[in-house]
J.: 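Dumping the structure here so I can ask a few things about it.
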Amino acid sequence: MKQAGQLVLTPFPYTDLSGAKLRPVLMLRQSPRFDDWLVCMISSRIEQAEAGFDEVLQPADSDFNKS
């Protein structure tokens, strides 16, 4: 059963739509009318982080252990 807070693998398409790759996401909230979900993509590729947009968790962060 799907529920908010779960980590799941879901296919994300390549930018050129030539295929897709399974990626981890955090399930945030389900649509009230459909089986669609708002998700947050999880990545370890911090060199691709966008300043002011992506949230990078660091071991020195006070809430890191809760993540």
Side-chain angles (χ1 to χ4, degrees):
M1 172 177 228
K2 300 175 198 170
Q3 62 184 26
Q6 282 184 312
L7 296 175
V8 298
L9 293 175
T10 191
F12 270 82
Y14 298 126
T15 53
D16 65 2
L17 303 177
S18 64
K21 185 173 184 179
L22 287 178
R23 300 280 187 191
V25 298
L26 173 64
M27 296 179 72
L28 299 175
R29 185 171 178 159
Q30 184 178 9
S31 166
R33 297 180 58 202
F34 306 102
D35 189 27
D36 293 339
W37 282 81
L38 175 64
V39 300
C40 177
M41 187 174 176
I42 299 170
S43 177
S44 61
R45 304 281 307 265
I46 60 173
E47 70 275 3
Q48 296 178 350
E50 293 289 331
F53 181 76
D54 290 315
E55 180 70 27
V56 178
L57 300 177
Q58 301 290 341
D61 293 342
S62 63
D63 59 350
F64 182 79
N65 288 335
K66 294 178 184 176
S67 68

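We're numbering straight along the sequence, starting at 1.
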J.: When you group the ILVMFWY residues by side-chain heavy-atom contacts below 4.5 Å and let the links chain together, are V25 and L38 in the same group?
T.: no

J.: List the atom of K21, the atom of Y14, and the distance in Å for their closest heavy-atom pair.
T.: CB-OH, 3.8 Å

J.: Nearest 0.5 Å, what's the CE-OG1 distance between M27 and T10?
T.: 8.5 Å

J.: Quick check on the hydrophobic clustering: are F12 and W37 connected, directly or via other members, by side-chain heavy-atom contacts under 4.5 Å?
T.: yes

J.: At what distance, to the nearest 0.5 angstrom, does CD1 of I42 lie from CG of L9?
T.: 9.5 Å

J.: Quick check: is V39 connected to L26 through a chain of hydrophobic side chains (ILVMFWY, heavy atoms under 4.5 Å apart)?
T.: no

J.: Would you give the length of the straight line joining atom CG of D54 to atom SG of C40, rounded to the nearest 0.5 angstrom?
T.: 8.5 Å

J.: Tell me whether L7 is reachable from L28 by hopping between hydrophobic residues (I, L, V, M, F, W, Y) whose side-chain heavy atoms are closer than 4.5 Å.
T.: yes

J.: With sequence neighbours left out, which residue pairs that include part of residues 42-51 fulfil the salt bridge (Lys or Arg N to Asp or Glu O under 4.0 Å) condition?
T.: R45-E47

J.: Going through the checks in order, is the side-chain contact (heavy atoms from CB on, under 4.5 Å) test met by Q30 and D35?
T.: CA-CA 7 Å; Q30 184 178 9; D35 189 27; 3.3 Å; yes

